[in-house]
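Reviewing the structure listed below.
Chain letters run A, B, ... following the sequence lines, proteins first and then strands; every chain starts at 1. Just so you know, these numbers come straight off a predicted model, no measurement behind them.
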Number of protein chains: 2
Amino acid sequence: MNTAPADPAVAEEPRWLTDEEQRVWRAYLHATILLDDHLDRQLQRDAGMPHIYYGLLVALAEAPGRRLRMTDLAKHAKITRSRLSHAVARLEKNGWVRREDCPSDKRGQFAVLTDEGHQVLAQTAPGHVATVRQAFFDRLTPEQQKSLGEILQIIAEGLQPKEAGADLPWLR
Amino acid sequence: MNTAPADPAVAEEPRWLTDEEQRVWRAYLHATILLDDHLDRQLQRDAGMPHIYYGLLVALAEAPGRRLRMTDLAKHAKITRSRLSHAVARLEKNGWVRREDCPSDKRGQFAVLTDEGHQVLAQTAPGHVATVRQAFFDRLTPEQQKSLGEILQIIAEGLQPKEAGADLPWLR
DNA sequence: GGCTCATCATTGAAGGTTAAACAAAAGCGG
DNA sequence: CCGCTTTTGTTTAACCTTCAATGATGAGCC
């Protein structure tokens, strides 16, 4: 009905997804929403915070001095500074993170993982890893894992907010 | 520091992710948050609604009579009925969806796509497909697409809210 | 110094999501 | 028909995210 090839006039009719592409796309949408919800529920239940907040604590725990500039943490977690600001405010209220002024740049703030925050992480990390394994890794062959990693990296690289290639694409 | 193998006493120490698994997992987290944000922003800008709401309209457009019971629509979109209730309320306020009583079940409600809603879909679908292509399909080989589809389907199936197998050729 | 522009981080308001509680109707077993 | 449980969909309040606006500092330039 509408797959006619030529019509260079005005509207540039779109290339709709093929049946096969639709299957892939829906699998993507379904898998990601189910997995995200699953992890959010697990962490909300066992750690009292959403998945993304947990990721912030992990990033801080791995950073030298267990601290990161707000902008760096936001880039690391792929979220806006605004969102991070709200998130850190909440984590600060929990006592898991504290803010510190940056001495070399008076605009700057460090988010610092507190001992209490580190402890929460230590207590909840095993359960979280188990959940990730059970929902994700345990269901895939090593080949599938490798393939998936490559594919997702391509997708992610295509969406980095410009400035990619500035520093190393991989962690470390 | 703590990867000693044996300690069958109490704590069942967790199997942490290997370096390779960590790379895959972070690629997953990064790709999905970047892509979700990307699509949300595109649709918010061009259609005035978040991605998930757009998906609801698509589901209704494809359903017979352009209508679906609330519970069916929620299952289709993989969201809770509560979330759907809020979403439909908003879409109704936009005039893109209306509710109708179900004659055979007085508790039931249909969400029905209005003509106006259908028109919004027709106007914004081309741009959305183009965005999906550009961010997703255009970057992957056919083999990668196939592989990804299979993998994601496995993940999704593992997380379906039970009730799978309901229609297996079982004794009734 | 003084000017301009970019960057850092936060804020407030509007909107979206979650979890628990609820009412109404349906199903089910006696 | 009667009680009991389940299903359906909504509601409320708390929480989270987004967007635009803001203040404050830094950087470059003359």
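- The closest donor-acceptor contact from the side chain of A:Arg66 to the backbone of A:Ala111 lies at 3.5 Å or more, if one exists at all.
- With A:Thr124 contributing its side chain and A:Ala47 its backbone, the two residues share no donor-acceptor pair below 3.5 Å.
- Contact annotation: the side chain of B:His128 approaches that of B:Leu43 to within less than 4.5 Å [non-hydrogen atoms, C-beta and beyond].
- Comparing C:dA25, D:dT10, D:dC16 by their closest approach to the side chain of A:Arg90 singles out D:dC16.
- At least one side-chain heavy atom of A:Arg133 sits less than 4.5 Å from a side-chain heavy atom of B:Glu21.
- With B:Gln144 contributing its side chain and B:Thr141 its backbone, the two residues share a donor-acceptor pair below 3.5 Å.
- Below the 3.5 angstrom threshold, one finds a donor paired with an acceptor across the side chain of A:His86 and the base of C:dG12.
- The closest donor-acceptor contact from the side chain of A:Glu100 to the backbone of A:Gln109 lies at 3.5 Å or more, if one exists at all.
- The CG-P distance, from B:Asp36 to C:dT17, rounds to 12 Å in whole Å.
- Atom P of nucleotide C:dT18 and atom CG of A:Asp37 are separated by 6 Å, given to the nearest angstrom.
- Ring geometry for A:Trp25 versus B:Phe136: interplanar angle over 60°, hence perpendicular rather than tilted (30 to 60°).
- Across residues 39-59 of chain B, B:Arg41 each have a non-hydrogen atom less than 4.0 Å from an atom of DNA chain D (numbered order).
- Minimum atom distance to the side chain of A:Arg83 is reached by D:dT17, of the listed D:dT8, D:dT17, C:dT18.
- Look at A:Arg81 and you won't find any side-chain N or O under 4.0 angstrom from OP1 or OP2 of C:dT7.
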Using atom names, set out every protein N or O paired with an N or O of nucleotides 20-24 of chain D below 3.5 Å, distance rounded to 0.1 Å.
none

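- Within a 6.0 Å radius of CG in A:Asp138, other residues, nucleotides and ligands contribute more than 12 heavy atoms.
- Residue-to-nucleotide proximity on DNA chain C shows that, of B:Lys106 and A:Thr71, the 5′-proximal contact is made by A:Thr71.
- With sequence neighbours excluded, the residues satisfying side chain to side chain donor-acceptor pair (under 3.5 Å) with B:Glu150 are B:Lys146.
- D:dT7 atom C1' lies 14 Å from atom CD of B:Gln109, rounded to whole Å.
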